[in-house]
Amino acid sequence: MSASQPPRRAVPADLEERVRQLLEPFQGDRTMTVDALKVIQQAYGYVPPESLRVAAEVLGVSENTLDGILHFYEFLFPHPVGERIIRVCSGTVCQALGTPAILRRIRERLGIGWHQTTADGKYTLVPLPCYNTCAYAPILQIDTLTFVRVTPEQVDDILDGRLEGVEGLPCGDGMPTPPREELEL
């Protein structure tokens with residue numbers, strides 16, 4: 001498969017009306033910018049840049065503010081993405097413990113690098129910010145499933161659904177702290 005940039009989809013004719021309808025509960029609430037963008041993304045699969053003007057009017061913030069938020073958070077997408085999102089930890093410890101080899105395997109298997117989508121539109125690869133769970137490094141996520149202590153040899157099994165992941169993020173209540181004797185430092 002060859003990598004591609006996400007395809008540009010035609011902006012729906014009713015985008016302005018639909019965004020106003022979606023964001024009605026947030027009318028004038030400047031504190032709900034991230035939630036409003038998440039609602040738009042849920043409706044369209046990404047946040048169409050054309051929606052920012054309308055969202056800014058509804059929320060009472062500048063379009064530049066929303067654009068900054070959209071490009072700051074890695075869980076918000078300013079362009080169409082694949083059906084499934086693959087996230088690989090880009091933190092220092094994960095990098096030291098195998099992320100580069102995992103990324104090489106993903107590139108071999110899917111033909112994509114960071115922020116690219118497979119030609120069939122099935123997968124998009126994005127970096128996963130460090131969640132401070134270094135005892136589980138390296139970490140890979142597919143949608144909301146988290147895989148820990150991943151090796152390059154496991155990538156195919158993960159992509160093919162033959163390995164079970166943990167639901168949720170690998171932080172806080174997402175995973176228990178490993179017993180001290182499990183830690184390999």
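Quantities reported herein were computed from a predicted structural model and do not represent experimental measurements.
With contacts defined as side-chain heavy-atom distances shorter than 4.5 Å, the pair Val88/Val150 does not qualify. With contacts defined as side-chain heavy-atom distances shorter than 4.5 Å, the pair Val126/His115 qualifies. Here the side chains of Val148 and Val166 are not in contact, with every heavy-atom distance at 4.5 Å or above.
One hydrophobic cluster holds both Leu52 and Leu15 under the rule that ILVMFWY side chains link at heavy-atom gaps under 4.5 Å. Under a hydrophobic clustering in which Ile, Leu, Val, Met, Phe, Trp and Tyr are joined whenever their side-chain heavy atoms come within less than 4.5 Å, directly or via other members, Leu145 and Leu110 fall into the same cluster.
Annotation for Gly45 and Val81: closest pair O-CG2, 3.8 Å, computed over non-hydrogen atoms. Heavy atoms only, all atoms of each residue included: Tyr44 and Leu22 are closest at CE1-CD1, 4.4 Å. The shortest heavy-atom contact between Thr117 and Thr124 is OG1-OG1, 2.7 Å.
Every residue two or more places apart in sequence or in another chain that forms a side chain to side chain donor-acceptor pair (under 3.5 Å) with Arg162 is listed here: Asp157, Asp160. A search for side chain to side chain contact (heavy atoms under 4.5 Å, CB included) contacts involving Thr151 returns Glu153, Gln154, not counting sequence neighbours. Remark: Thr65 pairs with Ser62 by the side chain to side chain donor-acceptor pair (under 3.5 Å) rule, at least two apart or across chains. Residues passing the side chain to side chain contact (heavy atoms under 4.5 Å, CB included) test with Gln27, sequence neighbours excluded: Val58.
Among residue pairs with one or both ends in residues 126-141, none qualify as salt bridge (Lys or Arg N to Asp or Glu O under 4.0 Å); sequence neighbours excluded. Legend: salt bridge (Lys or Arg N to Asp or Glu O under 4.0 Å) pairs involving residues 53-69, not counting sequence neighbours, sorted by first then second residue: Glu16-Arg53, Arg20-Glu57, Arg53-Glu57. For residues 73-94, every residue pair satisfying the salt bridge (Lys or Arg N to Asp or Glu O under 4.0 Å) rule, not counting sequence neighbours, is listed here: Arg84-Asp143.
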Acceptor/donor pairs from residues 94-103 side chains to any protein atom, 3.5 angstrom cut, sequence neighbours excluded:
| residue | atom | partner | partner atom | Å |
| --- | --- | --- | --- | --- |
| Thr99 | OG1 | Cys89 | O | 3.1 |
| Thr99 | OG1 | Cys94 | O | 3.1 |

Ignoring hydrogens and angles, write down the donor-acceptor pairs under 3.5 Å from the side chains of residues 34-43, residues two or more places apart or on other chains.
| residue | atom | partner | partner atom | Å |
| --- | --- | --- | --- | --- |
| Gln41 | OE1 | Phe77 | N | 2.6 |
| Gln41 | NE2 | Phe75 | O | 2.9 |

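Atom CG of Leu140 is separated from atom CD1 of Ile158 by 5.0 Å, given to the nearest 0.5 angstrom. Residue Tyr46 holds its OH atom at 11.0 Å from CG of Leu70, rounded to the nearest 0.5 Å. The line from CD1 of Ile106 to CG of Asp156 is 10.0 Å long, rounded to the nearest 0.5 Å. In this structure, the separation between CD on Gln141 and CG on Leu128 is 5.0 Å, given to the nearest 0.5 Å.
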Assess whether side-chain contact (heavy atoms from CB on, under 4.5 Å) is satisfied between Tyr123 and Leu159, documenting all intermediate values.
CA-CA 10 Å; Tyr123 294 105; Leu159 292 174; 4.1 Å; yes

